[in-house]
Amino acid sequence: MRTRLYHHPIFAEHLTGAGHPERPERMGAVAAALEAEAFQHLDRAEAPEGSLEAIYRCHPEDYVRKVATTIPDEGLKRVDNDTVVSPKSFTAALHGVGAATAAVDGVISGDCDNAFVAARPPGHHAERKTAMGFCLFNNAAIAARHAQSAHGLGRVAIIDWDVHHGNGTQDIFWSDPSVMYCSTHQMPLYPGTGARDETGNGNIVNAPLSAGDGSDAFRDAFRSRIMPALNDFHPDLVIISAGFDAHHRDPLANLMLTEADFDWATAELMEIADRTCEGRLVSLLEGGYDLHALAVSTTAHVKRLMTG
Ligand code: ZN
């Protein structure tokens, strides 16, 4: 497989303050993991700056302006209780969008078979008009819309295995049957959404898990709910919101997954992509706050993307 990694030094310059879990060191952990021998054939690309046009497909202009004007000239500024911005945050977020849309371009043009975007800030909590949960722009949603608007794809599936529910992605596609959003997440947990009966236009599949659940419950949610829905939906592109905070070491949640579960889920989604859309798959990093868990999970995930 030709797997492309999108990254950029600016992602480590989005500062969030001492003690914040969504911290620059996360990028160092991912980069170090992907320096290993196994990744010598990984195709590495620098993330371009994303376009405002791409962002406006998911967030209104006045929201984007509000985010831009919130950025401080120095120091830190709080957007909400847990979302912090600093001087380079807007530029970092723009490159995160650029990486996500470039990954879609790369996969659809056939320049690469699949792609992994190692960016921060993450995106799946960002609603149309609300930055929250460490997120400014919803990279996965923007990638899906880009695939439809710039490449004419019909149906896009977003599968989100971050331990938190992607309320932002659900918000953006709530009444849009052309995008399927499937999520496994711990519930109850931040942000509080993601119940089974939140189904949108029939295009939202929430499979909440309970604190303490591990591999069996996670895989059963995939087998019994998510994979059948994806099979019926028959996507033209598969996007993964790949958060690794459902790992048992993660400090923010209590699911008991291991890197082997992320490897397994990656293989399952690659199989769906092979069957429905010539393997087109774009994976975007979301959460993951224990640096060791983040490193070993990224290793398992990207290795699977490369080997199929
Ligand atoms: Zn998360």
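First listed ligand is number 1; within each ligand, the first listed atom is number 1. All heavy atoms count here, side chains included; hydrogens, waters and symmetry mates do not.
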Neighbour count above 12 (heavy atom, 6.0 Å) for Glu25 CD: yes
Of all N, O or S atoms in Asp162, which has the smallest distance to the Zn ion (ligand 1)? OD1
For His95 and His8, take the angle between the two ring planes, folded into 0 to 90°, and tell me which bin it lands in: parallel under 30, tilted 30 to 60, perpendicular over 60. tilted
Quick one: report the N, O or S atom of Asp245 that is nearest to the Zn ion (ligand 1). OD2
Distance check below 2.8 Å: does Glu286 bring an N, O or S atom to the Zn ion (ligand 1)? no
CZ/Arg196: more than 12 non-hydrogen atoms of other groups inside 6.0 Å: no
Please confirm whether His146 and His151 have ring centers closer than 6.0 angstrom. yes
Using a cut-off of strictly less than 2.8 Å, determine whether His164 has an N/O/S atom near the Zn ion (ligand 1). yes
